[in-house]
Amino acid sequence: MDTRTLLETVERETGPSPQWTVIWLHGLGADGHDFVPFVPELIDRAWPSLRFVFPHAPVRAVTINNGTRMRAWYDIVDFNLANRADRQGVEESVAQIEALIAREGERGVPPERIVLAGFSQGGAVTLAAGLRRTTPLAGLVALSTYLTTVPTEVDVPAAARQQPVFLAHGTHDPVVPYAAGQQSAHVLGGLGFDVDWHAYPMAHQVCAEQVADLRAWFARRVAG
C-alpha cells in the first residue's frame, strides 16, 4: 500500500500490541482530536489492548456554509436530507477509510477485530462503508447520523449484515432530525442487521448515558 495516500490520524493505544482497533470518524468542521477525550470513558483495563484511530477528514469547501473550507467527509449541498450528501465525496471518503482498515490488517488486526465508528457526517460515512463490506467488521457505531442513500437487499452483501450496529440519536437534534435516525435504524433492521438503537433527550451531541451504553456494547464485542 502507498502510505502517502493515507489520511493523517491521531492514535491512542490502551496497551502494548493492540489486538483490536476502533477507527472513529469525526463530524463536520471538527478533526481527529475531537473524540480522543472519550477513550478513557469507553474502555475497561481488563479488556485486550485496543488501538483507537481518529483520522482527520480532508479540507474541502462546504456549500451550505457559503463555500467555507473546513474538514468534511463530503460536501453538504442541501439542508434536505435526501439531497444533503455529495455522493462523490462519500465515495472518496469510503475509499480512504477502507485504506485505513487495510493498514490495520498489515499491523496485525484483521477486519473481525475492527470497529468502525463515526459521529454525524462521520457516522454517515461509517454506514456507507459498512453496508458494502464483503468481509464483515466487528461492528459499526453511528451516532447522530443518517443513511445517505436508502439501500435495498440487492445493494447489501450478506457478509455486511453480519455486522452488529450501534445507533444513537438525540430526540432534540436540530442538525440531523431524530426521525432520520429512527428511519435509518428501521431500514437497517429490515435488511437483517442486529441494530442496537438508543435515543437520548439531547441535541446534536454526545451524553454520559450514551457513552455508558456504548461502553457496554463494546464490552460485548471485545470482552465477550
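- Gly139 and Trp217 make their closest contact through CA-CH2, 3.9 Å (heavy atoms, listed as atom of the first residue, atom of the second, distance).
- Linking Ile, Leu, Val, Met, Phe, Trp and Tyr residues whenever their side-chain heavy atoms come within less than 4.5 Å leaves Val90 and Val59 in two separate clusters.
- With contacts defined as side-chain heavy-atom distances shorter than 4.5 Å, the pair Val206/Val211 qualifies.
- Minimum interatomic distance between Ala61 and Gly67 (heavy atoms only, all atoms of both residues): CB-O, 3.4 Å.
- Between the CD1 atom of Ile101 and the CD atom of Gln96 there is a distance of 12.5 Å, given to the nearest 0.5 Å.
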Donor-acceptor contacts, no H, no angles, side chain residues 109-129, under 3.5 Å, sequence neighbours left out:
unit_1, atom_1, unit_2, atom_2, d
Arg113, NE, Gln19, O, 2.6
Ser120, OG, His204, NE2, 2.9
Gln121, OE1, Trp73, N, 2.8
Gln121, NE2, Tyr74, O, 2.7
Thr126, OG1, Ala117, O, 3.2
Thr126, OG1, Gly118, N, 3.4
Thr126, OG1, Gly122, O, 2.9

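- Here salt bridge (Lys or Arg N to Asp or Glu O under 4.0 Å) pairs that include residues 132-158, with residues two or more places apart or in two chains, are Glu91-Arg132, Glu98-Arg133.
- Legend: residues meeting side chain to side chain contact (heavy atoms under 4.5 Å, CB included) with Ala203, ordered by chain and number and at least two apart, are Pro174, Gln205.
- Of all non-hydrogen atoms in Asp173 and Val175, the two that sit nearest each other are OD1-N, 2.8 Å.
- Within the structure, salt bridge (Lys or Arg N to Asp or Glu O under 4.0 Å) contacts touching residues 22-42 (residues at least two apart or in different chains) do not occur.
- Leu140 has its side chain out of reach of Pro164: every pair of non-hydrogen atoms, C-beta onward, lies at least 4.5 Å apart.
- Here the side chains of Arg71 and Leu28 are not in contact, with every heavy-atom distance at 4.5 Å or above.
- Side-chain atoms of Thr145 do not come within 3.5 Å of backbone N or O of Ala142 as any donor-acceptor pair.
- Here Gln183 pairs with nothing under the side-chain hydrogen bond (donor to acceptor under 3.5 Å, both in side chains) rule; sequence neighbours left out.
- In terms of heavy atoms, Pro157 sits closest to Thr134 at CG-CG2, 4.1 Å.
- Sorted by first then second residue, the ring-ring contact (aromatic ring centres under 6.0 Å, His included) pairs that include residues 140-165, not counting sequence neighbours, number zero.
- Within the model, atoms OG of Ser184 and CH2 of Trp197 stand 7.5 Å from one another, a figure rounded to the nearest 0.5 Å.
- Atom CG in Asp44 sits 11.5 Å away from atom CG in Leu42 (nearest 0.5 Å).
- Note that CZ of Phe35 and CG of Leu25 are 10.0 Å apart. Values are rounded to the nearest 0.5 Å.
- Taking each heavy atom of Trp20 and Val222 in turn, the nearest pair found is CZ2-CA, 3.9 Å.
- Within the structure, the salt bridge (Lys or Arg N to Asp or Glu O under 4.0 Å) test picks out the following pairs touching residues 56-66 (sequence neighbours left out): Arg60-Glu92.
- Sorted by first and then second residue, the pairs that involve residues 196-212 and meet salt bridge (Lys or Arg N to Asp or Glu O under 4.0 Å), not counting sequence neighbours, are Asp196-Arg220.
- With sequence neighbours left out, Pro201 forms a side chain to side chain contact (heavy atoms under 4.5 Å, CB included) with Thr171, His172.
- Side-chain contact between Val36 and Val10 is present, with heavy atoms from C-beta onward closer than 4.5 Å.
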Worked verdict on Arg161 versus Leu188 for side-chain contact (heavy atoms from CB on, under 4.5 Å): CA-CA 9 Å; Arg161 301 178 208 183; Leu188 293 174; over 6 Å; no

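- In this pair, Tyr178 and His169 present their aromatic rings perpendicular. The plane angle is above 60°, beyond the 30 to 60° band.
- In this structure, the side chain to side chain contact (heavy atoms under 4.5 Å, CB included) partners of Ala159, at least two apart in sequence or on a different chain, are Pro136, Gln162.
- By the salt bridge (charged side-chain N to carboxylate O under 4.0 Å, His left out) test, Asp213 is found to be paired with no residue, residues two or more places apart in sequence or in another chain being considered.
- When all heavy atoms of Gln210 and Leu143 are compared, the closest pair comes out as NE2-CD2, 3.4 Å.
- Looking at heavy atoms from C-beta onward, Val39 lies out of side-chain contact with Val22 at the 4.5 angstrom threshold.
- To the nearest 0.5 Å, the span separating CG on Asp75 from CZ on Arg87 amounts to 13.0 Å.
- The shortest side-chain heavy-atom distance between Ile43 and Arg215 does not fall under the 4.5 Å cut-off.
- Taking 4.5 Å as the limit, every side-chain heavy atom of Ile76 sits out of range of all side-chain heavy atoms of Thr63.
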Sequence neighbours left out, cut at 3.5 Å: what donor-acceptor pairs do the side chains of residues 47-57 make with other protein atoms?
unit_1, atom_1, unit_2, atom_2, d
Ser49, OG, Pro16, O, 3.1
Arg51, NE, Glu13, OE2, 3.0
Arg51, NH1, Glu104, OE1, 2.7
Arg51, NH2, Glu13, OE2, 3.4
His56, ND1, Gly32, N, 2.8

CA sep, side-chain torsions, deciding dist, call: Leu214, Val141, side-chain contact (heavy atoms from CB on, under 4.5 Å): CA-CA 9 Å; Leu214 183 53; Val141 175; 3.9 Å; yes

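- For the atom pair CG (Leu6) and CD1 (Ile97), the distance works out to 10.0 Å, reported to the nearest 0.5 Å.
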